[in-house]
Amino acid sequence: LKGFDMRKERGFSLAEIVVTLMIIGVIAAMTLPSLRQTAEEREKVAQVKKAYSILTQATERAEQDNGPIKTWDSSKLNEIYKPYFNIAQECPPGKGCFTEGNRLYPNNTKDTNYDVSGILLADGISIKINSGLGSKESYGISPDDITNAKGMFYVDINGPKPRNKWGEDVFLFVLVKDKGVLPSGYYDESKCITTYGCAAYVLREGKLQNYKDKPKKPDEGSGQDDKN
């Protein structure tokens, strides 16, 4: 045809298409793991928030029926809380409401002080209620709240499924009279960032905490402590 130049209408060569596809493949290989990790992290953060909500709502209902927390018998916390949880399974010591085997601390060292007894909720969250405080200096709560604590909750946001790591899918909350349920690390993250993980950080920042991050200390402010 007149005025039609075949050279100007030439399409991509096979080699050019192959190179383009290779570039797209490399970019996808680099970005997809990050996108997948972000989606998994969002899901874990949502589960931490849900677990905290379950504990606080159960505590409020328990106070309505049993009086203020300060009047509760710490040795009977399991009996007090059970009516307010949607329990799918109760697990005696050695059975599987939590992943069997050692937990991991945030720095990947093993936590050998481990008991898999507890309760498994219908939504897949596992909870173990303790009347004692154990290694209380590692929870990142204030000295006053350590004194006034009635017990604590070990929470695995995906129940008996792995990965079973503090600060990633296992978190700690403390029950304090006159304050209710408080997340670990609300007062001093330097105490829990490498031990039990800081649930307060996840609730506040909306992401999981890297144990290598600079932890927030009391003199830098703590929203939870100021709020109570």
For residues [X] and [Y], determine if any side-chain heavy atom of one lies less than 4.5 Å from a side-chain heavy atom of the other.
X    : Y    : value
N86  : L121 : no
D178 : N148 : no
F153 : L175 : yes
P143 : Y187 : yes

Legend entry - Ion pair K207/E41, N-O distance below 4.0 Å: no
Legend entry - Salt bridge R163-E40, side-chain N to carboxylate O under 4.0 Å: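 Salt bridge between R163 and E40, a charged N being under 4.0 Å from a carboxylate O: no.
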Inset, instruction - May I ask you to decide if G151's main-chain N or O and S131's side chain share a donor-acceptor pair within less than 3.5 Å? - result: no
Which atom pair, heavy atoms only, marks the closest approach of [X] to [Y]?
X    : Y    : answer
L208 : F171 : CD2-CZ, 4.3 Å
K165 : N108 : NZ-OD1, 2.8 Å
T195 : P106 : O-CD, 3.0 Å
T109 : N107 : OG1-OD1, 2.8 Å
Y52  : V181 : OH-O, 3.3 Å
P68  : E63  : CA-OE2, 3.5 Å

Using 0.5 Å steps for rounding, measure from the [atom1] atom of [X] to the [atom2] atom of [Y].
X    : Y    : atom1 : atom2 : result
L55  : F85  : CG    : CZ    : 5.5 Å
I127 : N130 : CD1   : CG    : 12.5 Å
N66  : Y84  : CG    : OH    : 4.5 Å

Inset, instruction - Identify the residue among W166, Y139, F173 that makes a ring-ring contact (aromatic ring centres under 6.0 Å, His included) with Y154. - result: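 Of all the options given, the one that passes is W166.
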Legend entry - L77 vs W72, side chain to side chain contact (heavy atoms under 4.5 Å, CB included): CA-CA, chis, key distance, verdict: CA-CA 8 Å; L77 289 181; W72 295 358; 3.9 Å; yes
Inset, instruction - Decide whether Y81 and T59 meet the rule of one side-chain donor and one side-chain acceptor closer than 3.5 Å. - result: yes
Legend entry - Polar side chain donor-acceptor pair, D144 to S142, under 3.5 angstrom: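 Side-chain D/A pair, D144 to S142: absent.
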Inset, instruction - Among D111, L104, V170, N158, find the one that has a side chain to side chain contact (heavy atoms under 4.5 Å, CB included) with N164. - result: V170
Legend entry - Exceeds 12 heavy-atom contacts within 6.0 angstrom, atom NZ of K44: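 Enclosed: over 12 neighbouring heavy atoms sit under 6.0 Å from NZ of K44.
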